[in-house]
Amino acid sequence: MKTEAVGDDPHDPHDPKSPSSENYGVPISSSPLATRILNTLAGCPGGMTQEDLARLVGNSKGDSPAMVEMVLVQLMKEGAIGKLNGRLVVNP
């Protein structure tokens with residue numbers, strides 16, 4: 001009987017070393033917070049500062065600034081949003 005150490009299988013969804021959304025096959029942009037962020041940015045063609053976006057999106061549903069920042073980082077990694085002239089914008 002062969003045994004493996006926990007966390008050695010890169011396809012194991014219970015791998016404690018890497019909790020990113022790629023391991024579960026669900027992109028972060030499918031979360032309700034990400035949807036609110038994308039819709040808010042889409043409605044503001046000139047973009048928004050991160051602070052203004054966090055305040056607008058976080059205050060409406062009680063999400064903390066840290067949660068908003070985490071989702072923003074993931075959306076940037078996915079390529080869904082970017083920065084233009086120091087402001088966050090939705091990528092076409």
Side-chain angles (χ1 to χ4, degrees):
M1 182 161 122
K2 182 180 174 188
T3 61
E4 287 185 14
V6 174
D8 286 344
D9 182 6
H11 304 291
D12 181 10
H14 304 291
D15 185 354
K17 293 187 298 186
S18 50
S20 68
S21 65
E22 294 112 28
N23 293 328
Y24 300 103
V26 177
I28 193 72
S29 57
S30 65
S31 77
L33 177 57
T35 302
R36 282 198 313 275
I37 289 171
L38 291 172
N39 289 339
T40 302
L41 287 176
C44 188
M48 297 182 81
T49 64
Q50 183 171 338
E51 294 79 22
D52 288 341
L53 182 63
R55 188 172 28 255
L56 182 65
V57 174
N59 285 345
S60 66
K61 296 288 183 176
D63 294 316
S64 72
M67 287 175 63
V68 173
E69 182 177 350
M70 179 190 71
V71 172
L72 287 174
V73 169
Q74 288 298 321
L75 288 171
M76 284 184 195
K77 286 181 181 179
E78 288 180 6
I81 64 172
K83 278 197 173 182
L84 182 64
N85 296 328
R87 299 170 74 85
L88 295 168
V89 293
V90 175
N91 287 331

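Taking CG of Leu75 as the reference point, atom CD1 of Ile81 lies at 5.0 Å (rounded to 0.5 Å). Taking OG from Ser31 and CZ from Arg36, the interatomic distance works out to 8.0 Å, rounded to the nearest 0.5 Å. Note: Cys44 SG to Arg87 CZ = 6.5 Å, rounded to the nearest 0.5 Å.
Checked against side-chain contact (heavy atoms from CB on, under 4.5 Å), Val89 has the following partners two or more places apart in sequence or in another chain: Leu84. The side-chain hydrogen bond (donor to acceptor under 3.5 Å, both in side chains) check on Asn39 picks up nothing, with sequence neighbours excluded.
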Next item on the list: Give the intermediate values and the outcome of side-chain contact (heavy atoms from CB on, under 4.5 Å) for residues Leu53 and Leu72.
Entry: CA-CA 10 Å; Leu53 182 63; Leu72 287 174; 3.7 Å; yes
Next item on the list: Verify side-chain contact (heavy atoms from CB on, under 4.5 Å) between Arg55 and Val68, making sure each step is shown before the conclusion.
Entry: CA-CA 9 Å; Arg55 188 172 28 255; Val68 173; over 6 Å; no
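Shortest non-hydrogen contact noted between Val90 and Ala42 is CG2-N, 3.6 Å. Between Leu33 and Met67 the shortest heavy-atom distance is CD2-O, 3.8 Å. Of all heavy-atom pairs between Leu38 and Ala80, the closest is CD2-CB, 4.1 Å.
Following chains of ILVMFWY side-chain contacts shorter than 4.5 Å, one can reach Met70 starting from Ile37, so the two form part of one hydrophobic cluster.
Legend: side-chain hydrogen bond (donor to acceptor under 3.5 Å, both in side chains) pairs involving residues 42-51, not counting sequence neighbours, sorted by first then second residue: Thr49-Asp52.
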